Colleague: 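Let me give you the structure first, and then I'll get to my questions.
All values below were derived from every heavy atom in this structure, side-chain atoms included, with hydrogens, water molecules and symmetry-related copies excluded. Being a predicted model, the structure only gives us computed values, none of them experimental.
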Amino acid sequence: MTSVDLDDRRERALLDQLERYYDAVPRHGARVEDFGPLTLFVQEGQGWPFYARPARGWSGAVSVADVARVRVRQRELEIPESFEWVAETTPALRAAVEESGLVVHEHPLMVLDPGSSAPAVDEPGSRTCR
């Protein structure tokens, strides 16, 4: 899925499901700080630091100033200045993040077609490593 044209209902439904998941998972181990169009997840206790991402359900723009406010807070907390989002659902965020001075690294969103079958997986211990 590389297109930001989401006319395909199945693609839109899948992206909506992913967005719900990406918003829900960090909430179990993080404090949530609201920054309008952005949500900052702050790790509670030990573990990998979380990130900021688009606020669930936000439909407006995200400005460079919005990104800058989150970056200031991340520096105050001494956590990485990190943002994660799905380009197909929030394509304009890239420009705001880059204009704020951060470098964006793209990673493809890989999804197995629901009609495809997954390859067989070997049972644990069925192979010998030398």
Side-chain angles (χ1 to χ4, degrees):
M1 287 185 251
T2 57
S3 170
V4 294
D5 181 14
L6 301 176
D7 289 335
D8 181 355
R9 290 176 195 246
R10 284 182 42 202
E11 184 175 311
R12 174 80 264 172
L14 174 62
L15 290 170
D16 287 344
Q17 181 180 7
L18 287 170
E19 285 293 335
R20 285 191 304 275
Y21 176 81
Y22 293 151
D23 184 76
V25 168
R27 291 176 184 271
H28 295 287
R31 181 178 73 251
V32 177
E33 296 189 12
D34 177 32
F35 286 85
L38 296 167
T39 299
L40 175 60
F41 296 102
V42 180
Q43 176 69 40
E44 297 278 76
Q46 298 292 320
W48 191 262
F50 286 110
Y51 42 81
R53 70 175 327 276
R56 181 86 177 110
W58 184 269
S59 59
V62 180
S63 71
V64 177
D66 295 323
V67 173
R69 284 188 316 124
V70 173
R71 291 185 65 197
V72 165
R73 181 65 176 141
Q74 288 170 321
R75 287 190 297 272
E76 289 172 354
L77 295 168
E78 298 180 350
I79 60 175
E81 295 176 50
S82 177
F83 293 77
E84 293 188 9
W85 70 96
V86 176
E88 289 83 357
T89 57
T90 319
L93 184 54
R94 180 184 186 126
V97 169
E98 288 179 329
E99 287 177 39
S100 82
L102 292 176
V103 174
V104 173
H105 301 276
E106 287 189 47
H107 303 281
L109 179 61
M110 299 172 63
V111 178
L112 182 63
D113 186 319
S116 300
S117 60
V121 178
D122 291 335
E123 291 295 319
S126 65
R127 293 190 182 239
T128 304
C129 294
R130 297 177 192 200

Colleague: Between I79 and W48, is there a shared hydrophobic cluster once you connect ILVMFWY residues whose side-chain heavy atoms come closer than 4.5 Å?
Modeller: no
Colleague: So do the side chains of F35 and L40 get within less than 4.5 Å of each other, counting heavy atoms only?
Modeller: yes
Colleague: Among the clusters formed by ILVMFWY side chains lying less than 4.5 Å apart, do F83 and V86 turn up in the same one?
Modeller: no
Colleague: Does R20 come within less than 4.0 Å of D16, counting only side-chain N to carboxylate O?
Modeller: no
Colleague: With the side chain counted from C-beta on, respond yes when V70 and T39 share a heavy-atom pair under 4.5 Å apart, and no when they do not.
Modeller: no
Colleague: Using modelled atom types and a 3.5 Å cut-off, is there a donor and acceptor pairing between side-chain atoms of W85 and backbone atoms of E88?
Modeller: no
Colleague: Taking all non-hydrogen atoms of both residues, which atom of G36 and which atom of D34 are closest, and how far apart?
Modeller: N-OD1, 3.1 Å
Colleague: Show me, pair by pair, the donor-acceptor contacts under 3.5 angstrom made by side chains of residues 23-33, not counting sequence neighbours?
Modeller:
unit_1 : atom_1 : unit_2 : atom_2 : d
D23    : OD1    : R27    : NH2    : 3.2
D23    : OD2    : R27    : NE     : 2.9
D23    : OD2    : R27    : NH2    : 3.2
R27    : NE     : D23    : O      : 3.2
R31    : NE     : E33    : OE2    : 3.3
R31    : NH1    : E44    : OE1    : 3.1
R31    : NH2    : E33    : OE2    : 2.9
E33    : OE1    : R73    : NE     : 2.8
E33    : OE2    : R73    : NH2    : 3.0

Colleague: Compile the donor-acceptor pairs under 3.5 Å between side chains in residues 49-57 and protein atoms, sequence neighbours left out, one pair per line.
Modeller:
unit_1 : atom_1 : unit_2 : atom_2 : d
R53    : NH1    : E19    : OE1    : 3.0
R53    : NH2    : E19    : OE1    : 2.9

Colleague: Heavy atoms only: give me the nearest T89-P91 pair and the separation to one decimal.
Modeller: C-CD, 3.5 Å
Colleague: Please list every donor-acceptor pair under 3.5 Å in which a side-chain atom of residues 92-105 meets a protein atom from a residue at least two apart or in another chain.
Modeller:
unit_1 : atom_1 : unit_2 : atom_2 : d
R94    : NE     : E98    : OE2    : 3.1
R94    : NH1    : E106   : OE2    : 2.5
R94    : NH2    : E98    : OE2    : 3.3
S100   : OG     : R71    : NH1    : 3.3
S100   : OG     : V97    : O      : 2.7

Colleague: Mind checking whether V111 and L109 have side chains closer than 4.5 Å, heavy atoms only?
Modeller: yes
Colleague: Does L15 share a hydrophobic cluster with V62, counting links as ILVMFWY side-chain heavy atoms below 4.5 Å and allowing steps through other members?
Modeller: no
Colleague: What's the separation between atom CD in Q74 and atom CG in L77, rounded to the nearest 0.5 Å?
Modeller: 8.0 Å
